[in-house]
Amino acid sequence: MTYQLNEKVINLAPYETEKGKYKVVLNAGESFLPVHPDMKKDILSAVRKVAFNRYPDPEAAKCCKAFADYYSVEPALVTAGNGSDELIGLILSGFFSKGEKVLVAEPDFSMYEFYADEAELELVRYQKAGDYRIEPEALVRLAKEEHCRGLIFSNPCNPTSQGLKKMPLRALLKELPEVLVVIDEAYMDFWNQSLINEAEEFDNLIILRTSSKAVGSAAIRLGFAVCHKKLTKALQALKSPYNVNAMTQAAGAAIYKHQDILKEAQREILAARGFLAGALLKLEAEWKGTLYEFHLIPEPKTNFVVLCFNKGKNNEVYGFLKKKGILVRCFPDFLRVTVGNLEENQKFLDALRTLQ
Ligand SMILES: *Cc1c(COP(=O)(O)O)cnc(C)c1O
């Protein structure tokens, strides 16, 4: 007799990331900015003070307070996670029971499905409309018809760069009072339609944020949930006690205190996106009717842009760029290109132009 792996893991493969060295890396939605020297000084000095022989604060209080101050929310509504990824997993496995229905809007962040599978939930899939817009009425209708217990989506969306505004979201939350709605605002620092300051008004809403994107700290693995006290209490009880390590807590507390540096970094990223999107719009017009014609999803609300080439061409263009040392993210129907610094964006555009 040998040990048999259970059905859930037997066909599971580790999450694949791109290996190898590329001169321009625009595939992961990260910030292109290295940490600001003043911030770095504070991070290192905070980490130096960590008591390495002691367990970290289970409430990550200092780090949650700095985050709460930065976004003007009440610290009592904030739970820190080992990346927002951990929180997504906790929510899907803890707030739902096996076989319950959770609604997702496709295409969206792949980890929702991953954790829902792990929790043995049933996924109900809403297909987004033209240019990957969500039609909120249709989404609500589907949630009701299918008796979904949960709804999770990113806003603005990774990978589509599109988003739902506050007004329709508030209406959606009121229409679905018995549904737990998880809004993953991983990229909301690049848009201004956050519901983070209204989290307390809804007892069926969890807002997720991360330090990995606009905040430029993917390395430390730090995410946050902001929600009603009733939900916060449950989330705190569900999480493992020492889920956020002491170095990350110390770094997080130092990072979110730098309001001005963070805001300036976000302005820089948005300016770079303006340049990249502007150049791509021109190219879209130039290439209309040619073999490599593409459509740029208009008005991106994220630090990436989305290019839809004709069927079969996305993969080809992805491979072409990769050979030139430029890494973007390939999806079946489009390419997602993270905004880089001016030089990286220029290299990407120059390489793209050599397609024709
Ligand atoms: C990057 C990303 C995350 C993951 O954030 P971490 O805090 O790094 O785990 C979550 N949701 C979306 C939509 C993302 O793009």
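When a ligand or atom number is given, it counts from 1 through the structure's own listing order. Only this structure's heavy atoms are used, side chains among them; waters, hydrogens and symmetry mates stay out. As the structure is a computational prediction, the values presented were derived from the model and not from experiment.
- Ligand 1 has at least one atom lying under 4.0 Å from a heavy atom of Arg221.
- The protein heavy-atom contact nearest to atom 5 (O) of ligand 1 is Ser84 OG, 2.9 Å.
- Rounding to the nearest 0.5 Å places CG of Leu139 at 11.5 Å from CD of Glu175.
- Residue Tyr187 has at least one heavy-atom neighbour below 4.0 Å for each of these atoms of ligand 1: 14 (C), 15 (O).
- Given atom 13 (C) of ligand 1, the protein heavy atom at minimum distance is Asp184 OD2, 3.3 Å.
- Contact annotation: for Ser154 versus ligand 1, heavy atoms closer than 4.0 Å belong to the side chain alone.
- The distance from ligand 1 to the heavy atoms of Thr210 drops below 4.0 Å at these ligand atoms: 5 (O), 6 (P), 7 (O), 8 (O).
- Proximity to Asn158 (heavy-atom distance under 4.0 Å) selects the following atoms of ligand 1: 13 (C), 14 (C), 15 (O).
- Ile152 and Tyr132 are assigned to two separate hydrophobic clusters, defined by single-linkage of ILVMFWY side chains at heavy-atom distances under 4.5 Å.
- A distance of 6.5 Å separates CG of Leu355 from CG of Leu321, quoted to the nearest 0.5 Å.
- Under the 30°/60° scheme for interplanar angles, the aromatic rings of Phe67 and Tyr71 are found to be tilted.
- For a threshold of 3.5 Å applied to N or O pairs, the pair formed by Ser212 and ligand 1 contains at least one separation below that value.
- Residue Lys213 touches ligand 1 through its side chain alone, judged by heavy-atom distances below 4.0 Å.
- Gln356 contributes atom CD, which lies 9.5 Å from atom CD of Glu293 (distance to the nearest 0.5 angstrom).
- A ring-ring contact (aromatic ring centres under 6.0 Å, His included) with Phe304 is found for one member of Tyr187, Phe334, Phe190, Phe32 and no other, namely Tyr187.
- The aromatic rings of Tyr242 and Tyr55 sit parallel, their planes meeting at an angle under 30°, below the 60° perpendicular limit.
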